[in-house]
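Positions are given from 1, in the same order as the sequence printed here.
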Amino acid sequence: MHASFARKHLWPWIVPLIVAALCAAIVPTARAQNTLRYFPQTRHYLRGAFRSFWERSGGLATFGYPVTEEYVRGADGRIVQYFERARFELTVSGGQALINLGKLGSEATGNRIFPQVAPFQSYKARSYFAATGHSLFGAFKATWEQRGGAAIFGLPISEEINEQLADGRWHTVQYFERARFELWPGGVRLGLLGRQLAPPQLLEPWPPEA
């Protein structure tokens, strides 16, 4: 009885714990930041290089809470972790931890084709991105520039469009390579694409003493 209970309730946590130990071993620059931080709001942990990047690159306002633990992605063997609005991906080069952000905006839109705009010379109020054929202006432009720009959100892959969101209402939104900006009565919000795209089996919460 006790062995069966242990297998059922502890096994989902064993692999992420092993991953965490490996992260600490192979990423020397992360050791000083490797103290666990637990978020009771989602009941998941943040540690190591991911914690360091999260705290210095926008934190809760930009990425949201962690919604999975770190795990090894089977497709390419990379260590990744999902947050409400982002996916962190770890590579190690020369003993240094390098964090990339997953292209959640591109993944969420899939094969949708967004009409491009005719090329124009960027000016103060509106910017044109030749690489994607899209533009950026207004509140979305201000938010993009103030909170990290292309390094955090990537380039726009759509124009502003109307889309029905989880509240059942239609909102003005714009997709970027790594994010979705949403216009609400209180201002611009970042869409919860990480929570939407995270593997469901990894959303199971962890206890604070794990």
Closer than 3.5 angstrom, by distance alone: can the side chain of Ser127 be matched with the main-chain N or O of Leu136 as a donor-acceptor pair? no

Got a donor-acceptor contact below 3.5 angstrom from the Tyr38 side chain to the Trp206 backbone? yes

Run the side-chain contact (heavy atoms from CB on, under 4.5 Å) test against Ser106 and tell me which residues pass, sequence neighbours left out. Lys103, Ile157, Glu177

Contacts of type side-chain contact (heavy atoms from CB on, under 4.5 Å), residue Arg180, not counting sequence neighbours: Glu163, Leu165, Val173, Tyr175, Glu182, Leu193, Gln196

Of all residues at least two apart in sequence or in a different chain, which pass the side-chain contact (heavy atoms from CB on, under 4.5 Å) check with Asn162? Trp170, Thr172

Determine whether a donor-acceptor pair (N or O, by modelled atom type, separation under 3.5 Å) exists between the side chain of Arg147 and the backbone of Gly58. no

Between Tyr71 and Tyr82, how do the two ring planes meet: parallel, tilted or perpendicular, split at 30° and 60°? parallel

Under 30°, 30 to 60°, or over 60°: which ring-plane class applies to Trp144 and Phe176, parallel, tilted or perpendicular? parallel

Given 3.5 Å as the limit, does a donor-acceptor pair link the side chain of Glu69 with the main chain of His44, or not? no

Any donor and acceptor pair, going by atom type alone, linking the side chain of Thr42 with main-chain N or O of Val67 inside 3.5 Å? no

Main chain of Arg85, side chain of Arg178: is a donor-acceptor contact present, judged purely on distance under 3.5 Å? no

Backbone N or O of Ser135 within a donor-acceptor pair of the Gln174 side chain at under 3.5 Å? yes

Side chain Tyr45, main chain Pro208, donor-acceptor under 3.5 Å: yes

In terms of ring plane angle, is the pair Tyr128 and Phe120 parallel, tilted or perpendicular, where the classes change at 30° and 60°? tilted

Is the backbone of Tyr65 close enough, under 3.5 Å, to the side chain of Trp54 for a donor and an acceptor to pair up by distance? no

